[in-house]
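Notes follow the structure.
Values below: all heavy atoms of this structure, side chains included; hydrogens, waters and symmetry mates excluded. Quick note on labels: first sequence line is chain A, next is B, and so on, each numbered from 1. Bear in mind the structure is a predicted one, so any value in this text is a computation, not a measurement.
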Amino acid sequence: MNSEKLLINNSVKGRSAYKFPPLDVKPAKPVKDCFTRLDEAILPEVSELDLVRHFSKLSSMAFGVDFGFYPLGSCTMKYNPKVNERLASLDGFNNIHPLQDEDTVQGCLKIYYEMIKDLCEISGMDWGTLQPCAGAHGEYTGLKIIRSYFLDKKEEKRNIILIPESAHGTNPASAHMNGFDIRIVKSDERGLVDLDDLKKNLKADVAGIMLTNPNTLGLFEVDILKISKMVHEAGGLLYYDGANMNAIMGKARPRDMGFDVVHFNLHKTFSTPHGGGGPGSGPVLFVEKLKKFVPIPDVVFKDGKYKLDWNIEKSLGKVSSFYGNFLVIVRAYAYILSMGSDGLKSASEHAVLNANYMRVILKKKYKVAYDRICMHEFVLSLQNLKDSTGVSALDISKSLIDRGYHPPTMYFPMIVHEALMFEPTETESLQVMDECCDVILDLYEKAEKTPEELKKSPCKTVIGRVDEVLAARNPVLKG
Amino acid sequence: MYSYIPHTFGDEKKMLEAIGVNSIDELFVDLKEGGCLLKDFLNIDEGLSEEEVIRKVKKLAKLNVQGVSFLGAGVYDHIIPSAVTSLSSLPGFVTSYTPYQAEISQGILEAFFEFQTMICSLTSLPVSNATLYDGASAAAEAASLILSSKRSCNEIIVSSTISPFSLECIKTWIKGTGNILVILPEKEGVSDFDVLEGLITNKTAGLMVQTPNKYGFFEDLTGISSIVHSFKGLFAISSDPLSLTLQKSQGQWGSDIAIGDTQSLGVPMAFGGPSAGYMAVSDALMRKIPGRIVGKTFDNQGNTAYVLTLQAREQHIKRERATSNICSNEALISIMNVIYTSQLGFKGMKEAALQSRAKAQYLFEGLKKLSFVSTKNNDFFLEFPIEFDSLERLEKFLFLLKEKGIFGGVRLYSLTKNKEDEKTLLVAVTEKRTKEELDEYLEIVGRLENE
Amino acid sequence: MSKIIDGLLYTKDHEWLKVEGTEATVGITDYAQTSLGEIVYVELPVVDDEFSAKEEIANVESVKAASAIYSPVSGTVSEVNEELSDNPELLNKDSYSNFIFKLKDIKMEEDLLDAEAYREYLKTLD
């Protein structure tokens, strides 16, 4: 089956798909010659039905949470509630301009304010901002707060951020964007931060450490109180990467662990849809002493009204045009209303229950890296399978596609060889997990008996494995 | 019973048995050992039913006031065709993850490829990414790209006429990086290019300008790219993509980098977000452009296939050496954008642009006649500034309009925080406004003449 | 077993260099190209640019990895291998006969390894 032709290749000159109301005023004066565009940009000319069929077809050549099980480790692909979509499409939100007078946007400002308060309660922090548009954007903002803190204290020499070797790539990239250099802290045999190595690295040049807890292996850093004490005593701050927050909502709070700055991923923990890669939202929460660096504008409640405060002397500035991805925030806000304190706690409890269940079923054949009680995700290492049969983590993943499942996260974290990371989330049932585990165990047997078959997969999809080398060597980036 | 959690007691029992523990609490033993286990519930209300959530949130939406909008400054009340809204809500687009597994994501990858193609077509540059967060953060990313591409340079010249939000994002990014922001001043509402050469040093990496600029005025960039390229600098131009149907594209002006915000391509205003930023660059910058990129290749059967490519630029590979940390972006917005541009085509987009311009000119001609208002002669796209004789008059103007449900314009002071901008109002008119609405606007403010 | 050529000098970052007077020719070792996999792009330095030892001077990328090349010695770039722009896979074919760049006016470093020392170093890695 061939993939869908580009719409531009289905164009017929003169076709049109939209009628504007007729111009009811005098036509515009022409633009001065020196400004005028030199050509007509090549864009599709199709009918509305062509348009609808094309994009409907494209949307069917995709795999969403709505279609099947999506156990992508570190991504929290939980169900995206439909009521959130309904509420995010209300005219009372969509038709509002960000620069309207404050008294005409009290609904929006109230949602902002209450959302920050809810996230503070969940994290234990004192205040926050919803301006960052994604997790990495939140990291950038949070690290800028840390940077601002030390510049304000005239401790410019603190220009190192410590990062565990299991960290997600955005962590060092975000540090670098803020002018920090990084130093790696090793993991110990438990898969957790090596305290001795941490001690060695806590020199006077350290501004802080970026951690996620549970870590990227799905394991809880049991020494976190020791770690935060060590870092604070060395004069540094702690940054919490909230990507794994789905494991501990209502069970533990980053503030209590000693963190000073936190970011959350609303498109992970708080159920907003992934949209093929966004829009997301990366709120940043922080402790009282860092409040003065909040991005402008801040949202305040004064004299019975919600207002935007632009007069923040030591604000770090701005990280996006306005106030953040408002419609994403609306969805997450509705989610928190639906779940409540009891539901959020139950969500984390069942996320952890589901992950441990899959872990014990799959370990019947596969090797679990760090095999003990995990949190909301766990990592398998397929190195042994690869050594004995030649079948790799990639091959198992591609074979899972043929059996109707989205593969888990492959080759991350980098400290585990031939890694596959599973995060079922709490919205999956026992039946779905049982069926999926049966398939994964079956694939192990197939790997031993007919490895060549697995290496050819997927075979039941629109296309087979793609030539990524060609794509990177001779890039063709437009039609 | 909790929303979206399907487990029954029977399910839980089976699972706990299989794991070998007696209760879910035992799975959190590490939290206990770590001294972090919460004893009490979070101080958040208990979960509500769907109907209660709808009631509560609808009430909040009703606290907002919708009006006839003449507000701009980067976000515009354009017409959004129904097909854009309905097609971009399809679950295959909405509930999918980033298309790392190419075999099951051809639809999404192709949509992104069509978006890239569209941006390249509009900007006349050969390489586009698949979105950044928005126009303002795209400006910061462009500044970063310019500075990281020039090894021995640490200065960048940015015109004061770019969007104040973009400028603020650049200032925020540049703090602590060791780079220096040099502002190109303005004159008569546009960049003062007469003083440009005086600002260039051997440390200058490039120049960034915006057209239409923050006032809505077109800027004449004739000869500017030659100046920038004469010292091997990089030239970035930010433009509202809809304006590219009328004015020279960034590539046609000779720029190396094109950026902007795609809100005017089928995206609702929605209190400022989500929107998307776009970035297109010359071939020379292909391996450095931030953001995800989709490329065309073949599969193992020789079929055409699309795949995320040039990943070596990105954070998951380059880590601390990546020039940007961007991961999730505004993918679904790009799908809305490409549906919009595909539905309208160049002709339709040009019509939206021309109708906006015609209506803005109509309103401008009417406002010019007011004795208490002064205007500039610069040509504009769909937005223009008017200066009042006093702040009181400006406020009365807006008040009278607001009483009738019309949001008359953006106070320039609120954007720039400059005292000299206190009496200036930025008025934007799109194709969505009708002659009736324009005439009502003029009739209401005309009453101020008698005061 | 990785190919190593006697008579060349090596660095722990898997670069080789051939020194002739005050000029050096630099490339990546067989070990480096194997680790990278199929190479898709080589970012070459600019001729006449000056670099200090250990400064990032070039980049070699595969689909799944990006490797920075650090200048093994200080010097000025005198020549770059333009062929690698269109055919980066030449480095996979033979990473020793396809140099990446040449430096002039070099200042030698003390931590360079000879073939034997590099061989020993490789043994400690796997």
key: Qualifying residue for side-chain contact (heavy atoms from CB on, under 4.5 Å) with A/Leu7, from B/Glu114, B/Met118, B/Gln343, B/Glu110   = B/Glu114
request  = May I ask you to check whether A/His97 and B/Phe407 place their ring centres under 6.0 Å from each other?
outcome  = no
ask   = What is the distance from atom CG of B/Asp77 to atom CG of A/Asn95, rounded to the nearest 0.5 Å?
value = 6.5 Å
ask   = chain A heavy atoms under 4.5 Å from B/Val75: which part of the residue, side chain, backbone, both or neither?
value = both
inquiry  = Keeping B/Ser121 on the side-chain end and A/Ala41 on the backbone end, is there a donor-acceptor pair under 3.5 Å?
reply    = no
key: Non-hydrogen side-chain atoms of A/Asn354 and B/His7 separated by less than 4.5 Å   = yes
request  = May I ask you to test the A/Leu38-B/Lys248 pair for a side-chain heavy-atom distance under 4.5 Å?
outcome  = yes
key: Portion of B/Ser163 that has a non-hydrogen atom of chain A nearer than 4.5 angstrom   = neither
query = With ring centroids as reference points, do A/Phe322 and B/Phe165 lie under 6.0 angstrom apart?
reply = yes
message = I'd like to know if the side chain of A/Ser341 and the backbone of B/Phe41 have a donor-acceptor N/O pair within less than 3.5 Å.
response = no
inquiry  = Heavy-atom count check: over 12 atoms from other residues, nucleotides or ligands less than 6.0 Å from B/Phe298 CZ?
reply    = no
query = If you draw a 6.0 Å radius around CD1 in B/Ile19, do more than 12 non-hydrogen atoms from other residues or ligands fall strictly inside?
reply = yes
Approximate separation, where rounding is to 0.5 Å, of B/Gln101 CD and A/Arg465 CZ = 10.0 Å
key: Side chain, backbone, both or neither of A/Leu337 within contact of chain B (heavy atoms, under 4.5 Å)   = both
Minimum side-chain heavy-atom gap A/Leu327-B/Pro274 below 4.5 Å = yes
